[in-house]
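Every heavy atom of this structure was used, including side-chain atoms; hydrogens, water molecules and symmetry mates were not. All of these numbers come straight from a predicted model, not from anything done at the bench. Numbers for residues simply follow the sequence, beginning at 1.
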Amino acid sequence: DDVESRGLGDVYKRQDIRNNNGDKKLLIIYGKFDWTLSEGGYGLIEKLTKDKIFQQSQIKIIENAGHNSFIDNSKEFNETISKFFSNNNK
């Protein structure tokens, strides 16, 4: 499947992720020009949500950024992280 073909199968199989009781949220961040392909992340989120491992999951694509989005566009990266954590604490 897409998760395996994109190299994210190991993430999906990790016991610390699999043992999540479904009450946590997941954020995956890619840079718009990231060398890793976001399709794998979308596939991973779909599988984790379908299997009820995470209650809610999302992917954020950071504009004007590559793989090191926290360096390339630190403003948008930091805003994304701040928003994600503030929404998770409500």
Side-chain angles (χ1 to χ4, degrees):
D1 68 10
D2 195 45
V3 172
E4 291 291 334
S5 69
R6 299 292 182 196
L8 294 170
D10 289 340
V11 173
Y12 179 76
K13 294 174 189 172
R14 283 179 42 175
Q15 284 305 311
D16 58 329
I17 290 175
R18 304 279 312 151
N19 291 337
N20 178 22
N21 63 7
D23 66 344
K24 296 180 179 59
K25 297 179 182 180
L26 173 67
L27 172 65
I28 298 177
I29 297 176
Y30 287 95
K32 184 172 183 176
F33 306 109
D34 204 323
W35 58 267
T36 59
L37 300 175
S38 60
E39 290 85 359
Y42 284 106
L44 178 63
I45 280 183
E46 182 179 321
K47 193 169 182 84
L48 291 170
T49 302
K50 183 182 87 171
D51 292 349
K52 298 184 183 348
I53 295 171
F54 285 92
Q55 176 187 33
Q56 292 181 7
S57 307
Q58 72 181 59
I59 287 188
K60 173 66 175 171
I61 307 296
I62 304 292
E63 294 294 323
N64 302 313
H67 187 67
N68 296 313
S69 58
F70 61 97
I71 295 171
D72 298 337
N73 189 343
S74 58
K75 182 177 187 277
E76 186 176 348
F77 180 89
N78 290 335
E79 288 171 354
T80 298
I81 297 295
S82 294
K83 183 177 177 183
F84 179 77
F85 281 112
S86 67
N87 287 342
N88 278 331
N89 290 327
K90 291 181 180 180

Nearest heavy atoms of Tyr30 and Ile59, plus distance in Å: CD1-CG2, 4.0 Å
Donor-acceptor check, side chain of Asn73 to backbone of Ala65, threshold 3.5 angstrom: yes or no? no
Please determine which of Ile61, Ile81, Asp34 meets the side chain to side chain contact (heavy atoms under 4.5 Å, CB included) test together with Ile29. Ile81
What is the minimum heavy-atom distance between Asn64 and Phe33, and which atoms define it? CA-CE1, 4.0 Å
Atom pair CZ (Phe77) and CG (Asp72), whose distance is rounded to the nearest 0.5 Å: 11.0 Å
Which atom of Glu63 lies closest to which atom of Glu76, heavy atoms considered: N-OE1, 3.3 Å
What distance do Leu26 atom CG and Gln58 atom CD have between them, rounded to the nearest 0.5 Å? 9.0 Å
Sidechain N-carboxylate O distance under 4.0 Å for Glu79, Lys75: yes
Quick one: pull up CD1 in Ile62 and CG in Asn68 and give me the separation to the nearest 0.5 Å. 12.5 Å
